[in-house]
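Structure record follows, encoded as structure tokens.
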Amino acid sequence: MKMLFRLALLAAIAFGIMKLFEEKKNWEGLTEDEARDRLSEKLSPRVPAEKLEQVTDQIVTQMKARGVLRTEPAVDNGHGI
């Protein structure tokens, strides 16, 4: 019984780590405008409207410092790459 519990716990931790990396991948490579839109969408129910822009600015600044955001939009060269 203990072995089954440990196995289930290990599986849950592994699943959580996989979800975390998947979510991180969804945020990497966004432009600043895309990141601001997503943040506003996610934070608007939790943060008052008058503080939303300030909080978004702080988060985007940190994302820029860590190199998560693209500096310019991707160019479509017609090859789908």
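Just so it is clear, the values below take in all heavy atoms, side chains as well, and ignore hydrogens, waters and symmetry mates. Predicted model only: the values in this text are computed from it and were never measured.
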Query raised in the report: Under 4.0 Å between a Lys/Arg side-chain N and an Asp/Glu carboxylate O for Glu32 and Arg36?
Result: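 So Glu32 pairs with Arg36 through a salt bridge.
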Requested in this report: Could you grab the distance from atom NZ of Lys51 to atom CD of Gln58, nearest 0.5 Å is fine?
Outcome: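 Output value for this atom pair is 9.5 Å.
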Query raised in the report: Roughly how far apart are Ser40 OG and Leu52 CG, rounded to 0.5 Å?
Result: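 Reported value, rounded in 0.5 Å steps: 4.5 Å.
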Query - Heavy-atom pair of closest approach, residues Val68 and Trp27 - result: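 Closest pair (atom of Val68, atom of Trp27, distance): CG1-O, 3.7 Å.
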Within the structure provided, determine whether [X] and [Y] are in side-chain contact (heavy-atom separation under 4.5 Å).
X: Glu23; Y: Lys19; result: no
X: Met63; Y: Ile59; result: yes
X: Glu28; Y: Lys24; result: yes

Query raised in the report: Within a reach of under 6.0 Å around CD of Glu41, are more than 12 heavy atoms found that belong to other residues, nucleotides or ligands?
Result: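 No.
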Report task. Under the side chain to side chain contact (heavy atoms under 4.5 Å, CB included) rule, collect the residues that match up with Glu34, sequence neighbours excluded. Result ->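 For Glu34, the residues satisfying side chain to side chain contact (heavy atoms under 4.5 Å, CB included) (neighbours in sequence not counted) are Leu30, Thr31, Arg70.
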Query - With Leu39, the side-chain contact (heavy atoms from CB on, under 4.5 Å) member among Val55, Val47, Thr56 - result: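 For Leu39, the side-chain contact (heavy atoms from CB on, under 4.5 Å) check succeeds only for Thr56.
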